[in-house]
Structures are given as C-alpha cells and as structure tokens.
Student: 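One structure coming up, written as structure tokens, with questions to follow.
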Protein chains: 2
Amino acid sequence: MNIGDVATRSGLPAKTIRYYEDIGLVKPLRSANGYRMFHASDVHKLAFLGRARALGFSIEDCRGLIKLYEDTDRESAEVKQIAEEHLSRIDDKIAELIEMRATLATLVDACAGDHRPDCPILADLASKQQSLHLKETG
Amino acid sequence: MNIGDVATRSGLPAKTIRYYEDIGLVKPLRSANGYRMFHASDVHKLAFLGRARALGFSIEDCRGLIKLYEDTDRESAEVKQIAEEHLSRIDDKIAELIEMRATLATLVDACAGDHRPDCPILADLASKQQSLHLKETG
DNA sequence: TATTGACCTTCCAGCAGGCGGAACCCTTAT
DNA sequence: ATAAGGGTTCCGCCTGCTGGAAGGTCAATA
C-alpha cells in the first residue's frame, strides 16, 4: 500500500513516515515507479510508534521497544525497565514544571497588572536577591 | 569587560552569550583586537535573561520582557499578560505530562517485569486502537 | 626571544523530531 | 490535452543552544 494509505491508517503524517524511514524505523520496499510499498505490518508498527511517541518515549526508546516487541523471547523486565526510566524522566519534568509554576504564579499574583509601571515580575527577574521563591536546599 | 568575565558573572556560558548577541539580545561593542566589550549593564541583562529562561520563558518572551524592563513607562499589565500566558502554557504542559504519567504508570504496574516475555506495556502499545486515536477522529 | 597556555575570534555541524515548500514525476479522469 | 491528486527528492527552518576546528591575542615565563 502507498504512503497516503499508511498515513491514514496509522494516524501519522506522511512526512513523519518518510522521516521514520530515513532513520531506519521502517523499511518499505519500492515499486517500479519509485513509490514506497508498505505491508500491513508496517501500519501496525507505525501505529505502535505513534502511541509510544504519544506517551513521550524518545525515538531511541521506540527503537528499543520495537526491537523488544518483535523479539517474542524478550523478558518483560527489559520493557519494564525502559518504561520505568521514562516514567522517572516524566516525574522529573513534572517536578521541574511544578516548581516553575509555583514561582511564576507567586510573581503573577503579586503583580497588579494595571496601568502603573511597578511590576514585581520584572523586579524579581532583575534581581534575584529579593526573590519570592528562593530554594532553601540545593 | 571580556566575555569570560561576563560569563562568570552572569552565570551563562560564553557560547550562549555569543548566541544571544547573534539573535540581538545583547549588543556588546568591540575593542581594537576584535574582542567583545561588555558593560556592567550587559551582565545584569544577561542574568535577567538567565532567570527568565530558567522560568521557562521562550527567547521571544524574553525579548518582550527585556523591552518592557527597559521601558520604565510600561504598564505592569503588559508584563503580567506575558507571564500569565506562559503560566497557562506551563499548566497545559503539566496536565499533559500528568496524563502521560498516569497511563504509563498503569502499564508499568501491570507488567511483571520478570524473565517471562508477556508484557502488558507492549501489548497496549501494539493494539490500543481507540483511546489515543480519539483526538484525531473526534 | 620564544614559547607556553589561557583567552578570544569566526564558522561549521549537530542534537530532537519533525514541518513546510519547491520542483518534479506518475496515474487517472475528463 | 489537461488538471487534479497522488507520489518523489532535497533543502531549509524551527528551539536553544553546544561542541569543535582553525586561528588571532595577550600575559607570563624560561
């Protein structure tokens, strides 16, 4: 089947599928006119990739997951490890964003947001000495 | 003052400072030997940028914030608006990550993670036709 | 004076993970 | 014959830097 069909069925843009071929995630054959020819299993694989990417797995993670997926003898521990590492990265990212959010929310709340020029947000950015959110540890 | 000093005092790598000059965030003069010459105010500005970046503001946000910072007649409402928009983006990102985390945590919990090949994580990625497809079809 | 070694300079390449567009080819319908 | 709607490659752009090569400059030392 052609790339357009595969795009529709897998839910990935054709551009992305070409890119995935570029980086070796899929290897479609070519027909006489140069068009990529995909198998049904490629649609499956691409949808798998789409879902893994939607869960935030990196391309390299995906490469590993695909490999494990295609190896029916793999140990589930290997998969779980990749997932747990990713989970941990997500947790770190969430923690980082929550801290950012707290600092920023404090500043936003402190700012009148009216016609006057006085602004605690800029004041804080300009001089961390009087920060409203200093880290006590670290 | 030379770029090395500025890097030390502002806390930004020299590479980053050169990049910031490239994109017009700072405009140091040049001495006879071609070295960049920074004012004390540049150190201040770069530290400002570093803190804004640490709060997750984009470079374009920073450009706006710097401009507002240097305009003593600006209305705090303008600053607050930029900050609130950013806060909203942070909230969206946090929500997205928390949802990802929940899905992934469920899968990780369901996976034995032992020597056996059976893995709910891969099973889910391989055939979850409906849930992650909803945003495109509905 | 020559030579380190630490500075500084520019430019080129690359990271993730693609997106947008140009320029062109293939197929089918009208 | 032509137009629409596939497909192809290639190139550059996005964010926000980071690393490295090749070379100029400066202060200190042997």
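Below, read A as the first sequence line, B as the second, and so on, with proteins coming before strands; counting in each chain starts at 1.
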Student: Quick check against the 3.5 Å criterion: does B/S76 have a side-chain atom that pairs as donor or acceptor with the backbone of A/C119?
Tutor: no
Student: For C/dG18, does OP1 or OP2 lie under 4.0 Å from any side-chain N or O of A/R53?
Tutor: yes
Student: Run the salt-bridge test on A/R89 and A/D61 with the 4.0 Å N-O cut-off and return the result as yes or no.
Tutor: yes
Student: Nearest-Å distance, CZ (A/R63) to C1' (C/dG17)?
Tutor: 12 Å
Student: Got a sec? Which of residues 13-27 of chain B come in under 4.0 Å of DNA chain D, heavy atoms?
Tutor: B/P13, B/K15, B/T16, B/Y19, B/Y20
Student: Whole angstroms only, please: what is the CG-P distance between B/N2 and D/dC26?
Tutor: 10 Å
Student: Salt bridge between A/R18 and A/E21, side-chain N to carboxylate O under 4.0 Å?
Tutor: no
Student: On DNA chain D, nearest-nucleotide positions of B/Y35 versus B/I59: which is more 5'?
Tutor: B/I59
Student: Less than 4.0 angstrom between a side-chain N/O of A/R36 and OP1 or OP2 of D/dG7, yes or no?
Tutor: no
Student: In whole angstrom, what separates B/D61's CG from D/dG16's C1'?
Tutor: 14 Å
Student: If the cut-off is 4.0 Å, is A/N33 near the phosphate of D/dT8, judged by side-chain N/O to OP1 or OP2?
Tutor: no
Student: Does B/R116 come within less than 4.0 Å of B/D114, counting only side-chain N to carboxylate O?
Tutor: yes
Student: Whether the side chain of B/H39 engages the backbone of B/L29 through a donor-acceptor N/O pair (distance < 3.5 Å, no angle test) should be reported.
Tutor: no
Student: Nearest-Å distance, CG (A/L46) to C1' (C/dG18)?
Tutor: 14 Å
Student: Nearest-Å distance, CG (A/L29) to P (D/dG7)?
Tutor: 17 Å
Student: Using whole Å, what does the distance between atom P of nucleotide C/dC7 and atom CZ of B/R30 come to?
Tutor: 19 Å
Student: Flag the pair A/K80 and A/E75 as a salt bridge only when some basic side-chain nitrogen lies within less than 4.0 angstrom of an acidic carboxylate oxygen.
Tutor: no
Student: Send over the distance from B/F57 CZ to D/dT15 C1', rounded to a whole Å.
Tutor: 17 Å
Student: Hey, could you give me the CD/CG distance between B/E84 and B/D91, rounded to the nearest 0.5 Å?
Tutor: 11.0 Å
